[in-house]
Amino acid sequence: MSNMGSSINKKDYIKKELFGKIYSTFCGLLIIVLTISIVFFIASKGIVTFTRNHVSVIDFIFSSKWAPESLNSNGTPQLGSAIFIVGSILVSLFAVIVSTPLSVCAAIFMTEISPKFGEKLLRPSIELFVGIPSVVYGWIGLSVLVPFIRKNIGGLGFSFLAGGIVLTIMIMPTIASVASDSLKSLPLNYKEASFALGATRWQTIRKVLLPAAAPGIFTGVVLGLARAFGEALAVQMVIGNSIKIPSGLLDPTTTLTSIITMDMGNTVSGSAWNNALWSMALLLLLISFGFILIIRKISSRRSMR
Amino acid sequence: MNAKIYDKIATSIFYLIASLIMLLLFLIVGYILYKGIGVLNLKFITTPPKFMEPGGGVAPQLFNSFYLLVLSMLITIPLGVGAGIYMAEYARPGRITDFIRLCIETLSSLPSIVVGLFGFLVFVNSLHWGFSLLSGALAITVLNLPAMTRISEDAIKSVPESLKEASLALGATKWETIYKVILPSAMLQLITGTILTAGRVFGEAAALLYTSGMTTPDLKFNRLFSFSKVSPLNPLRPAETLSVFIWKINSESLVPDARQVADGASALLIIIVFLFNIISRYIGKMIYRKHTGSK
């Protein structure tokens, strides 16, 4: 702006450019500030378990002795959270393992088998799935799935299975839409070359399209896993919330998000119990950050190819 | 020959799974609407819930959901559009821009319960706003800001370069160009994205449990503009939304007809979310028509 000599031009510049530039830059930087402060605040509460209650990180993650009100022989509270961690991992893995084949089939159907029917009907329906609020999924789980399991399969109904099924349905749209985007973005000549070699459609899908779209599909799976891991209320409503590692599909169990949802309001701030909940929140934050790093790694490898 | 048989089998399996998924969706939505339609009536959406007897409605919760939506969008839209403008127009490729992208991705993948706990820590406790609409609105803002930023960035980037160059060539500054040329032509796309984002506010519950709270004072609609806790518009009062109410009524309610109330509230929630979806789709079609000139 060296050619701006007069003071009128300077005023104009402030009004017409500087204000907007500063405002939008402020908004951009705000995102950084926000992210750092979330990490900072959750971490500052989350590490108290380890600094003030002197629970070791190893015990917190790997011990399954959850007795926040009683002390062990060393005088530290027993805050082993392995049960919650294992519960979260198992139920999200269950959801991903069941959901991935179904979602990938849906994605293939939309892009390869019947694009017309797929784009007109299946894709909008899957988008509507995303819109259904998680409490509504939880409520359907509670009023349909839980009684169904109790009557027809056995157990109390409130179970690992119920939580897994609810999550399976919830993450299906995430995986299906990312997978179909990835299939759609493949160059058309892959398919043409395969057909020209005399391959059938199924052979083309299995041997050419799926391998080529694999990184994208995997991104969708990780996103689904992240969503399942962080989901709180829908799971909490159907999983039974009993603090033990499930010995079968029909056993009730609990997860990190469930115990936080249930106990955060009932525990006194500053108590060992409450501190442990904050440590679990910190763990959730770190894990979700881990998922982001995995996705970044996949996409950077893809763009290098 | 075998390959052809396998191809046929595979194709029919794909058809089967696609139909099963469709069927599942229709069963879920159908079930909610079927169960809820008997409960949904004018009285249900205009009367407050009851505590020990049947026949209560969800009027305050419905009001809270809409009011929270307005509050949070009032904060989210200017910040998200600002950040989108920055990312699309002002940010130079480099470390800081990369870091902002990482932050956006991190924010958008945070479990909503963690965002709720952050809100509880900062807005409810540190700033002493207590369980309030304002705390809840800001927690929702944290959840929606990354999506809003991405939507604005995409909308701005989709504006043809020639429009921008024409404006700059006429001597307009960059901000003038953004404000007077780019934003108006990106407007429809911005609105579509905003409506979709707004629809999500209705479904959110985990982030609100410990920010806007799980209770609603006995609202007095004749005292709209007072600073008392019973004034519906007071942003510093606690407010449970429709989603939080559905969760709460299942875990700790004493109402004998809790099932019916939850059915009705779920149906209401689904209908509102779908309306948002349909409206944004309709606007999306309008954009398509405008761009292609087709009917």
Side-chain angles (χ1 to χ4, degrees), chain A residues 13 16-17 19-21 23-28 30-32 34-35 38 41-42 45 102 105-106 108-109 113 118 121-122 125 128-129 131-136 138-140 142-144 169 172 200-203 205 226 229-230 232-233 237 257 260-261 264-265 281 284-285 288-289 291-292, chain B residues 3-4 6-7 10-11 14-15 17-18 21-22 24-25 28 31-32 79 82-83 85-87 90-91 99-100 103-107 109-114 117-118 121-122 142 145 149 173-176 178-179 199 202-203 205-206 209-210 243 246-247 250 259 262 266 269-270 273-274 277:
Chain A
Y13 173 74
K16 287 181 176 167
E17 177 61 24
F19 162 76
K21 194 171 179 174
Y23 174 70
S24 60
T25 310
F26 162 79
C27 292
L30 183 72
I31 290 181
I32 297 184
L34 194 60
T35 313
I38 289 178
F41 275 102
I42 301 279
K45 282 289 261 183
L102 294 175
C105 280
I108 292 172
F109 183 82
I113 308 282
L121 222 65
L122 191 57
S125 319
L128 284 189
F129 261 123
I132 299 178
S134 63
V135 278
V136 175
W139 169 233
I140 298 173
L142 195 64
S143 58
V144 181
I169 299 171
M172 201 172 331
T200 62
R201 184 163 63 186
W202 168 236
Q203 283 170 331
I205 290 170
F229 212 88
L233 301 188
M237 283 164 92
T257 47
I260 295 175
T261 312
M264 190 55 88
L284 279 174
L285 188 130
S288 84
F289 190 66
F291 285 132
I292 286 297
Chain B
K4 278 197 177 150
Y6 280 130
D7 186 53
T11 305
F14 282 124
Y15 266 97
I17 290 178
I21 293 176
M22 294 280 302
L24 184 65
L25 176 80
I28 291 177
Y31 175 83
I32 301 167
L79 293 179
I85 292 173
Y86 177 76
M87 295 306 280
Y90 286 106
F99 190 59
I100 295 182
C103 287
I104 292 176
E105 282 167 36
T106 309
L107 280 184
S109 80
L110 280 181
S112 55
I113 182 93
V114 173
L117 291 181
F118 168 73
L121 209 53
V122 175
V142 175
L145 194 57
T149 305
T173 65
K174 200 167 184 176
W175 176 251
E176 273 183 312
I178 292 168
Y179 189 70
F202 268 91
L209 291 180
Y210 296 113
S243 316
I246 295 175
W247 181 76
N250 280 307
R259 270 195 83 102
S266 300
L269 201 55
I270 289 271
V273 170
F274 283 5
N277 211 306

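Labels below follow one simple rule: chain letters A, B, ... track the order of the sequence lines, proteins then strands, and each chain is numbered from 1. The structure displayed is predicted, hence computed values, not measured ones.
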Check whether [X] gets within reach of chain A through its side chain, its backbone, both or neither, counting any heavy atom under 4.5 Å.
X        : result
B:Ile270 : side chain
B:Val114 : both
B:Phe14  : both
B:Leu209 : side chain
B:Leu25  : both
B:Leu145 : side chain
B:Phe118 : both
B:Asn277 : side chain
B:Leu117 : both

* Largest heavy-atom contact set with chain A, pairs under 4.5 Å, which of B:Ile85, B:Ile246, B:Ile100, B:Thr149 ->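 Most heavy-atom pairs within the cutoff with chain A belong to B:Ile100.
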
* Among B:Ile113, B:Leu121, B:Leu24, which has the most heavy-atom pairs under 4.5 Å with chain A? ->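 The option with the most such pairs is B:Leu121.
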
Using non-hydrogen atoms only, which part of [X] is less than 4.5 Å away from chain B: side chain, backbone, both, or neither?
X        : result
A:Phe19  : side chain
A:Ile260 : both
A:Ile108 : side chain
A:Met237 : side chain

With rounding to the nearest 0.5 angstrom, report the [atom1] to [atom2] distance, [X] to [Y].
X        : Y        : atom1 : atom2 : result
B:Phe202 : B:Phe274 : CZ    : CZ    : 14.0 Å
A:Ile113 : B:Thr11  : CD1   : OG1   : 5.0 Å
A:Ser288 : B:Leu107 : OG    : CG    : 9.5 Å
A:Ile31  : A:Phe26  : CD1   : CZ    : 11.0 Å
B:Ser112 : A:Leu233 : OG    : CG    : 7.0 Å

Top contributor to chain B interface from [options] [non-hydrogen pairs under 4.5 Å]:
options                                : value
A:Thr257, A:Leu121, A:Thr200, A:Leu122 : A:Thr200
A:Ala106, A:Gly138, A:Ala226, A:Gly265 : A:Gly265
A:Thr261, A:Val144, A:Leu34            : A:Thr261
A:Ile132, A:Leu30, A:Leu285            : A:Ile132
A:Gly118, A:Gly230, A:Ala281, A:Ser134 : A:Gly230

Compare all side-chain heavy atoms of [X] with those of [Y] and state whether any distance is below 4.5 angstrom.
X        : Y        : answer
B:Ile28  : A:Phe129 : yes
B:Ile32  : A:Trp139 : no
B:Leu269 : A:Val135 : yes

* Report the residues that fulfil ring-ring contact (aromatic ring centres under 6.0 Å, His included) with B:Tyr86, sequence neighbours left out, ordered by chain and then residue number. => none

* Got a sec, which residues hit ring-ring contact (aromatic ring centres under 6.0 Å, His included) with B:Tyr15, two or more places apart in sequence or on another chain? ->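 Scan of B:Tyr15 (ring-ring contact (aromatic ring centres under 6.0 Å, His included), adjacent residues dropped) gives A:Phe109.
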
* Report, as yes or no, whether the 6.0 Å neighbourhood of atom NZ on B:Lys174 holds more than 12 heavy atoms from other residues, nucleotides or ligands. => yes

* Enclosure of B:Tyr179 OH (heavy-atom neighbours >12, cutoff 6.0 Å) ->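 Result for OH/B:Tyr179: open.
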
